[in-house]
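Have a look at the structure below before the remarks.
Numbered from 1 within each chain, the chains take letters A, B, ... in sequence-line order.
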Amino acid sequence: VTGKRILVIDDDQAVRFTLEAILTSAGYEVMLADTGISGMRLYRTAPPDLVITDIIMPDQEGIETIIEIRRKDPGAKIIAISGGGRYANGHFLELAMGLGANAALAKPFDLDELLAVVQRWLPAAANGIEDDRPRAATG
Amino acid sequence: MDIETADLAEGVMGLPFRGLFAVNPHPLWVYDQATLRFLAVNDAAVMRYGYSRDEFLTMTVADIRPPDERARLRAALPVDYHEGAAGQWTHVKADGSLLVVEIFIQRISFGDRAAILGMPVDITARVAATAALHENERRLKAVADNIPGIVFQRLRTPSGVITHPYFSPAALEILDLTAEQAADSHNVLAAIHPDDRAESLRLVEQSATDLSPWAHEFRICRRNGDLRWLNGRAAVRRQPDGSVLWDGIMMDVTDRKRAELALLERGLALRQSREHLARAQKIAHVGSIEVDFRDDSWRWSDETYAMYGLDKDLVTPSVSAMLEIVHPDDRGMVSRGIASARRGDLLGPVEFRVVRSSGEVRVLYRQGELIRDERGTVIGAIATEKDVTELRATERQKDALQRQLWHLQRMEGLGTFAGGIAHDLNSTLVPVIAMAEFVQRGLPADSPARGHLDLIRQAGEHARDLLSQLLAFSRQGQSDMAPLDLADFLRHSMSLVRAAVPRGIQVVERIAEVPPIVGDRQQLHRVLLNLVANAAQAIGDQPGAITIELARGVPDDVDPDHAAERPGVRLSIIDTGCGMDEPTLRRVFEPFFTTKPVGEGTGLGLSVVHGIVVNHHGRIVLDSEVGRGTRIDVYLPLTQPAHVGLTPQELHA
């Protein structure tokens, strides 16, 4: 167990559960939120070491969430994830990077891509998962 | 003359007369005053009458008369004979023919008897001539009295006074004058229409001067206001006293003149309406044709000639003359239409092409109607023909634009749709891929479930790739535009291209150096591989070739004058495969359209190619023929406008 806490914000339950399973297994403590608003509430009560947030969500978009976290905590570590734009011209991941996300990951990602990015921003974490493939450099 | 008669004559008339009697060339005879029996006849009488002397001497003067004359003779007798002319009588000759004679008589003594010397003078010819003359006069009078005109004589004295010595009776009626009025030639002149009077006088004077026949057609005004046309002509002669006399006739030609004028007016109206029709046809580009099936005679209007491109003076309308200029592919249809109309079965309007001698092709639209006689039998047809060449061209253009618009809308709709579902699908694929991997890594190395999870992960990845293509198609995929040397790019791609193509297919490179474009290397790579893969599939197992060509170029429909302002490069993939038909060509860029069996192709390849090329502001031009192969030209614009070749003015414009 790393003792590091990761807040996962995504409106897609399957995505949340998948991240929870992988990250927990990798030794992280995982908090889940299904909206930007509830994610912010969790962030305030128990500030995490890393935030993984979807960008396009109902109620509060990930972009707003990123902006808000970055304003409250300039040192926060944020990874943006997205399945692409629902609307035209949406290079949302680039936008997220520009607005303060430390890394961006396109959905669907595979296990190694995810873990590589997470470990890059939370290097202390131990890798509890068997991994016999070369690491993908992402972010 | 026999002796006895001669003796008698001598005895009776004395010597001086005997010879005169006997040899006189006029028939002479002597008959008994009481018995009327002939006592002597001379040779001339015998010869003229045909009776012999003996016959004469057995007859009386009554015997040589027809029965009615005998009665007259008896009535005339026994008045005393007046010597000299004894009137006109008819005698019967021996052959039965009649003689008209005037008889002169002289009382003489013949022996002891009172006798008459008679001399019949043959006036048959004179009587006949007189009768003929009278008949002529009667006829002329009848003609003069009855013709619908005026027979007249006109006299002009040397001093210039004009009178009318004779007017046939109809003159009074026609001129509406009394006999007294007509006698005064001022009244006659006054009857002439004022507008024609001067000319009438001039013509009379001219005829009097040069003695040419007088002829004039003029109007007269009757007192009741009625207007009549007279046609007059007269022969002219100069009299010994210097006066001039005309004998002539003036016919009432009012009816003919009116008919003529009406005809003239009708003709004028007809000509005007024809001209009007011709003008209208010319403006509307509508010609008309008529056919009389009974004698197969055709009529084409001027505009029809113009539309056919034929010379009215050189070509006689006929079905063969028409079919000759009809486009060979349309001849069957046109001649079937005519044959059908001939049978009384009018087909609907036809549209056909004519090829003018200049080679120009025009599209004509023909609509017809049958003409039937009173029994309902079809005897002909009439049709109008409209030149719809420009109309059809415009319609075709509109159709093409409409199709392009539909195509665009469809593509955009699909693009929006793809973009819309991409986000959710990508999220959905997160557990499919990552969770499968996660679970897999928790399993023992020999677990059979590892393979099953591989399948799930691979399926997820395949789905991700498809989605990525869809996004590329919908232009929402990320593109990495940078200056790109296409020639260099192609050369580096050739090994991959060759690897993707079966060994039996030859790959030909024709790569020219071109200026750099702005492009996404990855996307263009996908374009190249997609097109090459399609080309290889079109060739299949057959031997064939794929040519990859790179050169400068713009599409054909870009105005050559402006080509320099829109420079570009052309990447062509040319195969010798099976080719595509027209319907396929129209749809190849549609997403999910595929000619491959279900499961063998996604139908996304070419639509992705299309999306990428559009994203590069380029165009694709397809040329394909079934059985011959396909050529796909991808035109991409250059980064910088090539200023080479432009004048300074154009540069500063």
Side-chain angles (χ1 to χ4, degrees), chain A residues 8-26 34 52-58 61-62 80-97 104-118 127-133 136, chain B residues 411-447 450 453-454 456-481 520 611 614-615:
Chain A
V8 173
I9 312 174
D10 199 307
D11 63 328
D12 188 323
Q13 193 189 32
V15 173
R16 287 198 304 273
F17 285 0
T18 303
L19 289 176
E20 186 186 24
I22 292 169
L23 295 173
T24 306
S25 169
D34 60 356
I52 299 176
T53 181
D54 191 16
I55 293 177
I56 298 168
M57 291 180 294
E61 294 277 11
I81 56 174
S82 177
R86 187 169 277 148
Y87 316 103
N89 306 322
H91 291 182
F92 294 106
L93 289 172
E94 282 174 28
L95 187 62
M97 293 284 281
L105 202 56
K107 290 180 183 175
F109 38 77
D110 64 24
L111 196 56
D112 292 335
E113 286 173 326
L114 174 69
L115 290 175
V117 177
V118 170
N127 188 355
I129 295 168
E130 190 183 320
D131 185 3
D132 52 5
R133 293 190 297 175
Chain B
M411 303 281 267
E412 277 175 4
L414 279 158
T416 308
F417 167 74
I421 63 167
H423 171 268
D424 291 345
L425 275 178
N426 276 329
S427 288
T428 305
L429 287 171
V430 168
V432 176
I433 293 170
M435 192 60 100
E437 269 186 302
F438 175 70
V439 174
Q440 194 179 37
R441 290 183 192 183
L443 291 172
D446 59 348
S447 170
R450 275 184 168 256
L453 289 164
D454 263 339
I456 294 176
R457 202 192 67 237
Q458 282 163 11
E461 281 166 358
H462 184 56
R464 178 192 61 196
D465 291 345
L466 282 181
L467 213 49
S468 156
Q469 287 194 16
L470 257 182
L471 280 177
F473 156 73
S474 68
R475 301 191 229 165
Q476 289 185 21
Q478 294 186 23
S479 58
D480 188 8
M481 293 292 195
D520 182 314
V614 168
N615 208 22

Task: A:K107 NZ to B:L425 CG distance, which is reported to the nearest 0.5 Å - done: 11.5 Å
Task: Rounded distance (nearest 0.5 Å) linking atom CG of A:D110 with atom CE of B:M435 - done: 14.0 Å
Task: Nearest-0.5 Å distance that lies between atom CG in A:L115 and atom CZ in B:F438 - done: 9.5 Å
Task: Rounded distance (nearest 0.5 Å) linking atom CG of A:L114 with atom CD of B:E437 - done: 10.0 Å
Task: Least distance between heavy atoms, A:V15 atom then B:S427 atom - done: CG2-O, 3.3 Å
Open item on the list: If I take atom CG from residue A:D12 and atom CG from residue B:N426, how far apart are they, to the nearest 0.5 angstrom?
Closed with: 11.0 Å
- [ ] Counting only heavy atoms closer than 4.5 Å, note whether A:D54 contacts chain B via side chain, backbone, both or neither.
- [x] side chain
Task: Heavy-atom side-chain contact between A:F109 and B:V430 under 4.5 Å - done: yes
Open item on the list: Please report the interatomic distance CD1(A:I22) to CZ(B:R441), rounded to the nearest 0.5 Å.
Closed with: 9.0 Å
